[in-house]
Amino acid sequence: MLKNPTPQIIARLASLIITALSVGSILLYALFQQAANPIVLVLIAAVLIFTGTYFTTAYYLERYIYRKIKVIYKTIHNQKVPKKDKNKSIDLSTNIIEEVEKEVNEWADNQQKEIEKYKLWAEYRRRFVGDISHELKTPIFNIQGYLHTLLDGAMHNPDTNEAFLRKAVKNVDRLQTIVEDLESISRLESGEMLLELRPFDIKQLAEEVFEEFEIKAARRNISLLFKEGAAQNFQVIADPENIRQVLTNLVHNSIKYGIDNGLTKVGFYDMDRNVLIEVADNGIGIKKEHLPHVFDRFYRVDKSRSRAIGGSGLGLSIVKHIVEAHAQTINVRSTQNLGSTFGFTLRKA
């Protein structure tokens, strides 16, 4: 009882002790004076003393506790309770000190977690600003160089003016791609991009994506195939245009980072309520230390080759956001010089 006493228990205990001492003194005095009906006198005195002592002790305990922890209650406890209860008086039947200590510890833990989260966001924001400035700086610098060269007289040289203009346009296109991809990620993260979910055949969609890349794949003699035993048709429920973007990005990457005379294979696997879609290649692969970061913004496994090939560096990040917007998952497994396999799930129709 005394390990974690409440103010009410303290008031009762104090009242009992004071009452016992007072009643003992009154009883001795009554016996000494030979008063009539000393027991009745003692009982009346005991009730009056106990009642007065209890309420007095409880009152001052309440005022003491309230004043001492008022700031804590206002800054911590009141944030957790409904607005209408914020001015409610302290309940003496509860262990106020223990309760406040518990809430302070919880508050401190939450504050520490918030601080850590803010630090992570600050670091993420710092890296993001650095990455985007670096990505934008290259095409802007190239455009600036081509235009200044033309203005310095190269525009009058028919052998160079058209070539420089084409190179400038190519870099402008790259800037546009970066901006459009950033807008896509922003809409996905903010929830502004609404998904139009409807049933469709995922294999048929993959065939359409294959058709888009036939010429690009033929230039490197890369075959676009469906995996044997995993080429059946499945009806899925998703946003077909967004999933087209996912497949387009994954197939395009398999061609970009594939090998000449290589393969890109797409397979479909029954996963009970979901369908697993895999896009695999036998290209250059990804080192193990890079795998956790392939879906990060602007992350490039081979920076020099990636920029030479083109792209915004945001494709896989957009792919991840689209898949997660469907409440599904995406993963990658890869072995260097053997190839990579990207797999994501969609809900069956």
Side-chain angles (χ1 to χ4, degrees), residues 113 115-139 174 177-178 181-182 184-186 188-189 213 216-217 220 222 224 227 230 245-267 269 271 276-346:
K113 291 177 182 178
I115 291 172
E116 293 298 327
K117 184 172 69 173
Y118 290 143
K119 286 181 178 178
L120 290 175
W121 274 108
E123 175 63 19
Y124 176 79
R125 185 165 54 249
R126 185 191 65 78
R127 287 193 297 106
F128 176 70
V129 171
D131 289 340
I132 193 172
S133 63
H134 183 72
E135 292 294 330
L136 293 175
K137 180 174 65 177
T138 302
R174 182 179 172 190
T177 300
I178 292 174
D181 286 349
L182 283 172
S184 296
I185 289 179
S186 177
L188 285 165
E189 288 183 338
F213 288 102
K216 187 180 288 290
R220 301 186 61 192
I222 293 177
L224 305 178
K227 290 185 180 180
Q245 187 175 359
V246 171
L247 287 173
T248 297
N249 187 283
L250 296 179
V251 173
H252 187 206
N253 281 353
S254 73
I255 296 172
K256 280 200 304 183
Y257 302 106
I259 58 174
D260 293 341
N261 305 312
L263 298 171
T264 292
K265 292 185 177 183
V266 174
Y269 302 90
M271 304 290 289
L276 171 64
I277 301 98
E278 288 192 342
V279 179
D281 63 64
N282 59 345
I284 60 176
I286 304 170
K287 290 183 179 179
K288 186 177 181 180
E289 60 266 27
H290 294 301
L291 289 177
H293 306 288
V294 294
F295 297 107
D296 294 352
R297 296 177 181 181
F298 298 115
Y299 191 84
R300 299 178 187 271
V301 175
D302 187 343
K303 293 181 173 58
S304 59
R305 178 174 180 178
S306 296
R307 290 196 175 92
I309 294 173
S312 66
L314 295 167
L316 287 178
S317 182
I318 293 174
V319 164
K320 185 173 186 288
H321 278 83
I322 291 175
V323 173
E324 290 181 347
H326 285 78
Q328 298 293 329
T329 58
I330 185 169
N331 61 79
V332 57
R333 61 182 188 274
S334 181
T335 303
Q336 195 175 14
N337 299 321
L338 291 179
S340 304
T341 299
F342 287 84
F344 64 96
T345 56
L346 290 175

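Since the structure is predicted, the reported quantities are computational estimates derived from the model, not experimental observations.
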As a quick check of understanding, evaluate side-chain contact (heavy atoms from CB on, under 4.5 Å) for Leu250 and Ile277, giving each step before the final call. CA-CA 11 Å; Leu250 296 179; Ile277 301 98; over 6 Å; no
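Under the side chain to side chain contact (heavy atoms under 4.5 Å, CB included) criterion, Glu278 pairs with Lys227, Tyr269, Leu276, Arg333, Thr341, sequence neighbours left out. Residues passing the side chain to side chain contact (heavy atoms under 4.5 Å, CB included) test with Ser254, sequence neighbours excluded: Val251, Thr264, Asp281. Considering only residues two or more places apart in sequence or on other chains, Glu289 meets the side-chain hydrogen bond (donor to acceptor under 3.5 Å, both in side chains) condition with none of them. For Phe213, the ring-ring contact (aromatic ring centres under 6.0 Å, His included) partners two or more places apart in sequence, or in a different chain, are His252. Listed by chain and number, the residues in a side-chain hydrogen bond (donor to acceptor under 3.5 Å, both in side chains) with Ser317 amount to none (sequence neighbours excluded). Evaluation of the side-chain hydrogen bond (donor to acceptor under 3.5 Å, both in side chains) rule for His321 yields Glu189 as partners, not counting sequence neighbours. Leu291 pairs by the side chain to side chain contact (heavy atoms under 4.5 Å, CB included) definition with Ile286, Val332, Ser334, not counting sequence neighbours. In this structure Asn253 satisfies the side-chain hydrogen bond (donor to acceptor under 3.5 Å, both in side chains) test together with Asn249, sequence neighbours excluded. Residues that satisfy the side chain to side chain contact (heavy atoms under 4.5 Å, CB included) test with Lys117, not counting sequence neighbours, are Glu114, Trp121.
When all heavy atoms of Ile255 and Arg220 are compared, the closest pair comes out as O-NH1, 2.6 Å.
Applying the salt bridge (Lys or Arg N to Asp or Glu O under 4.0 Å) test to every pair with at least one member in residues 313-329, sequence neighbours left out, gives these pairs: Lys320-Glu324.
Between Ile330 and the options Val323, Ile322, Thr345, a side chain to side chain contact (heavy atoms under 4.5 Å, CB included) holds for only Val323. Partner Asn282 forms a side chain to side chain contact (heavy atoms under 4.5 Å, CB included) with one of Asn337, Asn261, Ile259, Leu338 and no other, that one being Ile259.
How far NZ of Lys288 is from CD of Gln336: 13.0 Å, rounded to the nearest 0.5 Å. One distance of note links NZ of Lys256 with CD1 of Ile284; it measures 10.5 Å at 0.5 Å rounding.
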